[in-house]
Visitor: 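Just passing along the structure, written as structure tokens.
Below, all heavy atoms of this structure are taken into account, side chains as well, without hydrogens, waters or symmetry copies. The chain is numbered in sequence order, starting from 1. Bear in mind that the values here come from a model prediction, so they are computed numbers and not experimental data. Just follow the structure's listing: the first ligand is 1, and inside any ligand the first atom is 1.
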Amino acid sequence: MIRFEHVTKRYADGTTAVDDLSFEVAEGELVTLVGPSGCGKTTTMKMVNRLIEPTSGRILLDGEDIATVDPVELRRRIGYVIQQVGLFPHKTVLDNTATVPHLLGWQRKKARARAAELLDLVGLDPSVYGDRYPEQLSGGQRQRVGVARALAADPPVLLMDEPFGAVDPVVRERLQSEFLRLQSQVRKTVLFVTHDIEEAVRLGDRIAVYGNGRIEQLDPPAAVLGAPATPYVADFVGADRGLKRLSVTPIESGDLEQPPVVHLDDRVGDAAARLEAEGARWAVVLDRSDGLHGWVSAEALSGAPDGGTVRNHSRRMDAWLPVGASLKQAFSTMLQHDAGWIAVLDGDQADHFVGVLTPARLHEALRRSTAADALGAARAEVSVETVADA
Ligand SMILES: Nc1ncnc2c1ncn2[C@@H]1O[C@H](COP(=O)(O)OP(=O)(O)OP(=O)(O)O)[C@@H](O)[C@H]1O
């Protein structure tokens, strides 16, 4: 969708801000550009909407060389959100949001209806906030208006330059979550500049780690954290990257342990025999429709008079996670419930028991994903070179 081919930007004073950059952002993909101040992130972004012209190389949008497109026409296809939002102070929130549709010549009524729809989408009730002026909003609310305004004309591409940089950490996290939810609905092709690695990891389908005008690594977050391509990247993502990896590594069914499973209506004697045969100290207890009920210990069963059912001796288990939840969620749930294992469920309504995650399995899952990502990183390197050589 957006393709950089050997793009270099040298400013008049001789500063090389971007140095022979080649990479591609796929349609519907969100790539975060992350790196220390002055490494060329903003320059990269501003070349896409021609606020800055490259010194050499070319940028293609949907296969078309943007140098041949009229900048005004180009910018209509590209939403742009910046930290300083840049709302018009004398216009209401609704009119600010309707700016681009209005410029595109939409009828006032249609433009305002669209603006109201977008405000709703970013979590601002248009009937409450629509008639306010920017100064009557909090910083976080202004950022949301900025995002709504950028989306109003439904551009296929969004450029976001530190859009959540000016708000406090709590609001920032909320805006990030809201933006992820929004992006899962609208699926824009997004370039997102940040110098916060946490934000880059949280939002990016892939992360481009910048160092001095070049991309040092372009990979999914788990690969950047698990297999940094260079010492520079390892240093930039931080010594606690193992911890950050927990949040980007999902639980897979192959990671799980399979303890003995019994049902609520099983007879105590049968269940006890099963546990003994498998040498297990406890079993997962399922209800009639194979949903998770809880667990039962071998001890409780062995002390119980035969003739009863598992139902009377089992304990409920409220801590569970769906397949695909992150290892961080798993770890946090274990701590919260002081549990040595967590049941993992699958299915439309998380109604099907698939296994349990234990601390040892969690550790293995982390190692499994590191190995896989090292492989992925090697492949990604090849494909970046292919783009460069094309
Ligand atoms: N108009 C300009 N003239 C000369 N040099 C410039 C100009 N604009 C940017 N630069 C330089 O180009 C380099 C890259 O700047 P750029 O703004 O792209 O960095 P950045 O990674 O976005 O930084 P930050 O995170 O601080 O915004 C820097 O060294 C900067 O000083």
Side-chain angles (χ1 to χ4, degrees), residues 2-25 29-59 61 66-67 71 74-75 78-86 139 142-143 146-147 150 157-169 171-173 175-176 179 189-204 206-219 221 224 228-238 244 384:
I2 309 174
R3 185 178 166 103
F4 289 76
E5 290 181 354
H6 298 287
V7 175
T8 292
K9 175 62 189 181
R10 207 164 286 119
Y11 286 108
D13 64 359
T15 308
T16 303
V18 170
D19 190 8
D20 194 23
L21 199 64
S22 295
F23 74 105
E24 197 164 347
V25 185
E29 186 182 30
L30 194 161
V31 172
T32 47
L33 311 184
V34 67
S37 185
C39 63
K41 308 179 296 288
T42 298
T43 302
T44 302
M45 176 164 285
K46 285 185 171 172
M47 288 192 287
V48 178
N49 60 5
R50 296 190 62 188
L51 288 173
I52 294 176
E53 299 290 349
T55 312
S56 60
R58 53 181 205 155
I59 300 170
L61 190 67
I66 61 166
L74 178 72
R75 284 172 208 150
I78 302 177
Y80 188 40
V81 191
I82 53 172
Q83 188 180 117
Q84 302 80 5
V85 194
R142 277 201 285 271
Q143 287 306 139
V147 173
V157 173
L158 265 189
L159 304 179
M160 308 184 79
D161 196 345
E162 303 240 16
F164 312 138
V167 292
D168 67 66
V171 176
R172 187 177 181 140
E173 243 190 87
L175 289 175
Q176 289 167 352
F179 180 65
T189 304
V190 188
L191 270 183
F192 189 111
V193 166
T194 174
H195 54 245
D196 176 4
I197 181 70
E198 307 270 356
E199 182 164 83
V201 165
R202 184 139 192 245
L203 300 183
R206 286 189 299 160
I207 305 178
V209 184
Y210 269 68
N212 241 344
R214 288 176 162 271
I215 294 180
E216 297 264 333
Q217 184 167 9
L218 176 59
D219 267 321
V224 170
T230 63
Y232 170 89
V233 175
D235 192 44
F236 185 75
V237 298
K244 293 191 186 101
V384 167

Visitor: Is it the case that more than 12 heavy atoms not belonging to D20 sit under 6.0 Å from its CG atom?
Guide: yes
Visitor: Do T15 and D13 meet the criterion of a side-chain donor-acceptor pair at a distance under 3.5 Å?
Guide: yes
Visitor: Taking T189 for its side chain and V157 for its backbone only, find out whether a donor-acceptor pair lies under 3.5 Å.
Guide: no
Visitor: Any idea which part of T43 is under 4.0 Å from ligand 1, heavy-atom wise: side chain, backbone, both or neither?
Guide: both
Visitor: Using a 4.0 Å cutoff against the non-hydrogen atoms of K41, which atoms of ligand 1 qualify?
Guide: 18 (O), 19 (O), 20 (P), 21 (O), 22 (O), 23 (O), 24 (P), 25 (O)
Visitor: Protein heavy atom under 4.0 angstrom of atom 30 (C) of ligand 1, is there one?
Guide: no
Visitor: Does the protein place any heavy atom closer than 4.0 Å to atom 17 (O) of ligand 1?
Guide: yes
Visitor: Below a 4.0 angstrom heavy-atom separation, can you tell me which part of V18, side chain or backbone, both or neither, approaches ligand 1?
Guide: neither
Visitor: Run the contact test for G40 against ligand 1 with a 4.0 Å cut-off on heavy atoms, strictly below, and give the result.
Guide: yes
Visitor: Checking Y210 side chain against G38 main chain: does a donor-acceptor pair fall under 3.5 Å?
Guide: no
Visitor: Does an N or O from A17, backbone or side chain, lie closer than 3.5 Å to an N or O of ligand 1?
Guide: no
Visitor: Enter the distance from I207:CD1 to R202:CZ here, rounded to the nearest 0.5 Å.
Guide: 13.0 Å
Visitor: Look only at interatomic distance and state if T42 has a nitrogen or oxygen under 3.5 Å from any nitrogen or oxygen of ligand 1.
Guide: yes
Visitor: Can you pull out the closest protein heavy atom to atom 13 (C) of ligand 1? Residue, atom name and distance to 0.1 Å, please.
Guide: G38 O, 3.5 Å
Visitor: N/O to N/O below 3.5 Å, does that happen between E162 and ligand 1?
Guide: no
Visitor: Taking R50 for its side chain and I66 for its backbone only, find out whether a donor-acceptor pair lies under 3.5 Å.
Guide: yes
Visitor: I need the atoms of ligand 1 closer than 4.0 Å to a non-hydrogen atom of C39, numbered in the order shown.
Guide: 19 (O), 20 (P), 21 (O)
Visitor: Of T44, T8, T43, which meets side-chain contact (heavy atoms from CB on, under 4.5 Å) against L21?
Guide: T44
